[in-house]
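Take a look at the structure below.
Here is how names work: the chains are called A, B, and so on, in the same order as the sequence lines, proteins then strands, and each is numbered from 1.
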Amino acid sequence: MTASELDEIRAIERKWQDRWFHDKIFEPKSTGSKKYFLTTPYPYTSGPQHIGHTRTYNVADIHARFMRMNGHNVLWPMAWHITGTPILAISSCIERRENATIALYKNYIRLYEGDESRVEKIVNSFVDPWNIANYFAAKIVPDFQKMGFSIDWSRQFTTGDPIYNQFIRWQYGKLMELGLIVRGQHPVLFCTIDQNAVGEDDIAGGDVEKISIDDYVGIKFSLGDAYIVTATLRPETVFAATNLWVAPSATYVKAYVDGETWIISQQSASKLRYQQREVTIVEEFRGTDLLGAHCISPLGRKMTILPASFVDADHGTGIVMSVPAHAPYDWAALNDLKQQRDISADVDLYHLGSEVEAIQPISLVKIDGYGDFPAVELCERYGVRSQHDDKTLSRITNLLYREEFYTGVLKQTAQQFEGRLVRDVKQDIVEFLKGQNAASTIYETSAKGLCRCGGSVVVAIEPGQYFLNYGDPQWKEKAFELLDQLKIVPEAYRAQFVQTFQWLDQRPCVRRRGLGTQFPFSKEHWIIEPLSDSVIYMALYTVIKHLRECDPERLTPASFDYIFLGKGDPTNVSQQTGLSPAVLRAARDEFTYWYPNDHRHTAVAHISNHLSFFLFHHAILFPKTCWPRLVTLNELLIREGVKMSKSKGNVIPIATVPEVYSADLVRLSLVSIADLNSTVDWMEQEVEMVKKRLLRFWYSAKSDVEAGRPEYDEELSFASKWILAATNAMVSRASEAAHQFSYRKYVTEAFFEQLNRVEEYKSMILDNDERRRVLWDVTDVWLRVLAPVVPHIAEELWERMQNVGYISLAAFPLYDNLHAETLAQKRFLDGVIGDISNIQAAIRRETESVFIYLAAAWKYQLYAVAEGLDDLSIKKIMARAKENPDLRTRLKEIAQIAPGLAKSFAHEPASDSTLGFEAESETLRAAKEYLTRKFRKRVYICVENSETYDPANRARRALPAKPAIYVE
RNA sequence: GCGGAGGUAGCCAAGUGGUCAACGGCGGUGGGCUCAAGAUCCACUCUCACAGGAGUUCGCGGGUUCGAAUCCCUCCCUCCGCACCA
């Protein structure tokens, strides 16, 4: 956008941002009756904020400003989230001099620093993760200021501050007392080099392809004195297994695993060590050495071990149970073998030929639309040629697995499990096999991954993991109670909360690594993880100013018990903690003033985690009076149809907004493009359109303001009465929209449509003094409605109108409902104008006069009569007409009008559609001059009667609210 | 599969029982302005009429109703969430 035309607006934005900041106008005092405590997520400080994040804050800011102008004492504070591993991961990438990361971060830093040597210096300082956290926390402040956000900056903290650590320890102490923290085993992703748990950010490409943990079932087949162990996600298929597959060229081992002898791949043996298993390798051999051996399945069936090249020794146990009827890979491999395909030179199969020939698929699962052997059908349908058709095979494997899991029913082959749904019976079969010591849980990653340090990512069992027990019935009950009284906008998202609340169960709450708060009940290194330390911090905002005066060491649980829960009294607590009673009392007072959190606004993506935890923790830790009142949500933002992401390089950092767009332009665009419950697609073309409108508004309003405010005492013309009435109605509709968080509607009403209306008014009005005076009054109201959305432009014009004080702090305009008649007159006039235009367009020839015929008096009488009827049948109308002396004589004409009348009154109440003869006549007379100018024709206003000039016999078409028209 | 959201003219998108042939925008066509382009303004943009009219439309198919884009049912399709990731 080459937008030098925006330069003036940009300068205005800087001016007002500086003034707001300098005068600290968004730092409320804790006094006054109508407090409004609004919170939004604290940003994670691993990089600059972009326009996607901004959507959420933008909605919050507009609402904060709206509430402020409506007399609320609004507090909207901000802090910084630094907990967790991402910042740590970036830091170690920079320490390792990884070029991609260094380049990315240099670009981030260049958003704020002009001097290349400084950029270099700063990026080098990032080897210390704290420098990353602090640098970006410091830069997001000016970023948000560049958007004009009305944030109270006096309450900042980070989640790594000693005060915060003490606060979180208090929280976890409470949870521990309540018995909501439990300990147990837990599988985690783990790096073999770092010897540590890894998160998404530690895995190379982890943000693109997510790696998860799968629970495989190891099924033991007897082979002499040992078990040959296959790993599968589908244990039920053991009933249809026909043989086993191994990778001939891979290395396998015989090993003692927890006291048993297992045959598994070498890689599997080393991975099992991470899963709390005792593994001692006895001997190593190649896959070929296993070929042709016969083992016994847990069901007592004898099976041959055969070669298959699709088998990956580094996945599961490196041994696969073959189920050709239901697993496409197995069928393809079996086929290859039968056709003597894909057999490497060192595999000698000639003596197995007859055994291979004899293997036939065994049917186990019945699904609709398939015969006995779905895998065979799918391989044929998709033209699978061999087990090397990896793409097709993995696709149809997924397809079939899903289908069989959710809808499949077991056949007789499954013996005692016959007739049951696969998804229901799966666990029972695992238990059944475990009962015979024929199965064992083995964890595996869903995909191969490398840690950024180069180590491979495996699954490890963490034996002493702490969990928050969201499954606790009492906790859940409380949480549901809170949810029941919580207001949610858009309300449609409530179901997702209910769903999340239902399935929330035990959740790990600490991790081995990361920045944050040390878990207080363990001497081991456990850090409370980011989603667990960010659920009640809203409370901290209210008291942070007082706590800063304290020695963090003294902020013991007893002090927080008093401040947040009112336990004890200041004197006592002061003696216990060494904090001054005055500070304690002040903190307690401020907390009770601001809490509860009246309104939390965030993105929909947070429902299933952060928001639910936020509600759970408030429900159990705080009394009902401190429970959150309202949660509002918005969907995400994409750009030109695609998701914004670092890797795609299509993010728009806020820092570039003042050069590329302008704050008010971005603010207006973000809300005008989509409602809260739909995705914003940031399209340059759309923004360009908004920009044009914004500039049109700016130039027009600026000149209206410059024109000044003349005294004007004359009777106002119809046009003026209308624009004042319409502006009043606009305020009412905008206000209603804001209360429903329909800010798209708000800007449609208050910006786009009002702009058109004002322009229309300018074309209607002639008298210069009247016009200037009315526009001045309209602008005064209009600016105050626009101020929440485009505050900078509004402030500037407000100042130019000689107002004292900030428009940001001015009162939202009042409105009334007294102008229905004027608005109805305008609708009537628009109808007439529409009709004239239609006719003129239809006849396509030059004309110089337009005749407008108001309906004859008796027609208005007829409408008045009809208005009184409940049942608008033609018959009824005719009957009434007969009773009326004035109408009785015109029954023939009435019979022609009646059907249309009945129809039109069925659409809307009669009183809305008819002004009456006097008002219509007055409206047309008042607008005559305007019509003349608009159509560049002579305009004659006539009444339907025998004397009037009516060469085309049009006048008889006239009806109330719809005059007849003739042009010539 | 479960839970949620949704399918509206060439595209994006508003509308959730009657003022709906359906707001708005983009794109397109014609015109004004201009030496010209850009910007801007006006008109048109489902089909047929060409004196304000008629017909057929809102994923498919049924139903309720005087009346359905809007309510109910069957089906088809798309997107989001389903956990330890902020």
Side-chain angles (χ1 to χ4, degrees), chain A residues 5 41 43-44 46 81 83-87 186-189 197 199-201 203 206-207 210-213 402-403 405-407 421-423 465 467-468 470 490 492-500 502-511 514 529-532 534 604-610 612-613 635-636 641 672-675 677-679 681 683 685-686 688-690 692-693 695-696 744-745 748 752-753 756 759 827 831-832 834-845 847 872-873 902-909 912-913 952 954 957 961-968:
Chain A
E5 66 236 271
Y44 194 76
S46 58
H81 203 195
T83 308
T85 50
I87 289 179
H186 185 66
V188 292
L189 293 174
E200 195 179 298
D201 308 278
I203 299 169
D207 53 335
K210 296 202 177 179
I211 295 182
S212 57
I213 296 170
R402 250 202 357 245
E403 194 69 18
F405 178 73
Y406 291 119
T407 67
L421 269 170
V422 172
R423 65 176 147 143
Q465 175 71 47
F467 298 84
L468 277 171
Y470 290 110
Y493 292 111
R494 184 177 295 277
Q496 286 193 36
F497 278 97
V498 171
Q499 159 94 350
T500 304
Q502 279 164 355
W503 66 243
L504 267 177
D505 198 1
Q506 296 193 357
R507 181 180 195 285
C509 60
V510 293
R511 297 183 61 172
E529 63 87 38
L531 282 163
S532 300
S534 57
V604 169
H606 292 139
I607 294 176
S608 66
N609 43 56
H610 166 75
S612 288
F613 304 155
E635 283 285 352
L636 61 140
S672 68
I673 289 172
D675 274 324
N677 60 356
S678 39
T679 304
D681 189 354
M683 293 191 279
Q685 209 176 34
E686 295 275 317
E688 186 64 30
M689 181 277 293
V690 176
K692 285 178 197 164
R693 296 295 192 93
L695 286 167
R696 208 159 107 193
R744 183 190 152 95
K745 194 173 174 200
T748 304
F752 295 100
E753 291 188 0
N756 290 340
E759 286 176 358
R827 273 199 301 277
V832 173
D835 283 347
I836 297 172
S837 303
N838 275 344
I839 292 164
Q840 186 56 51
I843 62 175
R844 295 177 188 157
R845 73 182 127 81
T847 55
L872 275 170
S873 66
K903 201 176 158 193
S904 77
F905 277 18
H907 287 287
E908 60 186 312
D912 285 1
S913 60
R954 294 276 153 205
R957 300 176 62 111
K962 195 169 173 65
I965 287 154
Y966 169 67
V967 296
E968 64 174 23

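Rounded to an integer number of Å, the gap from CZ of A/F613 to C1' of B/rC85 is 10 Å. When rounded to the nearest whole Å, the span between CD of A/E753 and P of B/rG24 equals 8 Å. The CD-P distance, from A/Q499 to B/rA83, rounds to 11 Å in whole Å. A/M683 places its CE atom 9 Å from the P atom of B/rC12, with the value rounded to the nearest Å. Atom CD1 of A/I607 is separated from atom P of B/rG4 by 13 Å (rounded to the nearest Å). Put simply, CG on A/D835 is 10 Å from P on B/rG52, counting in whole angstrom units. Between the CD1 atom of A/I965 and the P atom of B/rG53 there is a distance of 11 Å, rounded to whole Å.
Applying the Watson-Crick and G-U wobble criteria (two distances, each under 3.5 Å), B/rU74 pairs with nothing in any strand. The nucleotide B/rG24 finds its pairing partner in B/rC12, both defining distances of the Watson-Crick or G-U wobble pair being shorter than 3.5 Å. Searching all strands for a Watson-Crick or G-U wobble partner of B/rA54 with both distances below 3.5 Å returns B/rU47. Across the strands present, B/rG81 finds its partner in B/rC2; the criterion is a Watson-Crick or G-U wobble pair with both atom distances under 3.5 angstrom. Nucleotide B/rC33 is matched to nothing when pairs are restricted to Watson-Crick or G-U wobble geometry with both distances under 3.5 angstrom.
Across B/rG3, B/rA86, B/rA14, the shortest atom-to-atom separation from the side chain of A/R744 is found for B/rA14. Comparing B/rA86, B/rG81, B/rA5 by their closest approach to the side chain of A/H81 singles out B/rA86. Residue A/Y966 has its side chain nearest to B/rA51 when only B/rA86, B/rA51, B/rC84 are considered. Relative to the side chain of A/E529, the nucleotides B/rA86, B/rG52, B/rG4 differ in distance, and B/rA86 lies closest.
For the side-chain hydrogen bond (donor to acceptor under 3.5 Å, both in side chains) test, residues two or more places apart in sequence or in another chain that qualify with A/D835 are A/K962. For A/F467, the ring-ring contact (aromatic ring centres under 6.0 Å, His included) partners at least two apart in sequence or on another chain are A/H186. Remark: A/P187 engages A/I213, A/Y443, A/V459, A/I461 in a side chain to side chain contact (heavy atoms under 4.5 Å, CB included) (not counting sequence neighbours). Partners of A/E635 by side-chain hydrogen bond (donor to acceptor under 3.5 Å, both in side chains), not counting sequence neighbours, listed by chain and number: A/Y493. Residues passing the side chain to side chain contact (heavy atoms under 4.5 Å, CB included) test with A/S672, sequence neighbours excluded: A/V690, A/V747, A/F752. For A/Q685, there are no side chain to side chain contact (heavy atoms under 4.5 Å, CB included) partners two or more places apart in sequence or in a different chain. Qualifying side-chain hydrogen bond (donor to acceptor under 3.5 Å, both in side chains) partners for A/E759, counting only residues two or more places apart in sequence or in other chains: A/R696.
Taking atom P on both nucleotides, B/rU57 is separated from B/rC2 by 34 Å, rounded to a whole Å. If you take atom P in B/rG61 and the same atom in B/rA68, they sit 15 Å apart, rounded to whole Å. Comparing B/rC42 with B/rC33, their C1' atoms are spaced 11 Å from each other, to the whole Å. Comparing B/rC84 with B/rG24, their C1' atoms sit 44 Å apart, to the nearest whole Å. Between B/rC46 and B/rC23, the distance separating the two P atoms is 10 Å to the nearest Å. For the P atoms, the distance from B/rC72 to B/rA5 is 12 Å, rounded to whole Å.
Along RNA chain B, the nucleotide nearest to A/T748 and the one nearest to A/D505 differ in position, and the one closer to the 5' end is contacted by A/T748. Where A/Q506 and A/D675 meet RNA chain B, the nucleotide closest to each residue was compared, and A/D675 sits on the side nearer the 5' end.
For B/rA86, the OP1/OP2 oxygens have a side-chain nitrogen or oxygen of A/R511 closer than 4.0 Å.
Of the residues listed (A/Q499, A/R494, A/Q496), the one engaging A/I607 in a side-chain contact (heavy atoms from CB on, under 4.5 Å) is A/Q496, and it is the only one. The one candidate from A/T500, A/L468, A/L531 that meets the side-chain contact (heavy atoms from CB on, under 4.5 Å) condition with A/F613 is A/L531.
For the pair A/E529 (side chain) and A/G84 (backbone), a donor-acceptor distance under 3.5 Å is absent.
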Nucleotide N/O to protein N/O under 3.5 Å, stretch nucleotides 25-33 of chain B:
unit_1	atom_1	unit_2	atom_2	d
B/rG25	OP1	A/R693	NH2	3.3
B/rC26	O3'	A/Q685	NE2	3.2
B/rC26	O2'	A/Q685	OE1	2.5
B/rC26	O2'	A/Q685	NE2	3.1

Pick out the pairs of N or O atoms, protein on one side and nucleotides 41-45 of chain B on the other, that lie under 3.5 Å.
unit_1	atom_1	unit_2	atom_2	d
B/rC41	OP1	A/R696	NH1	2.6

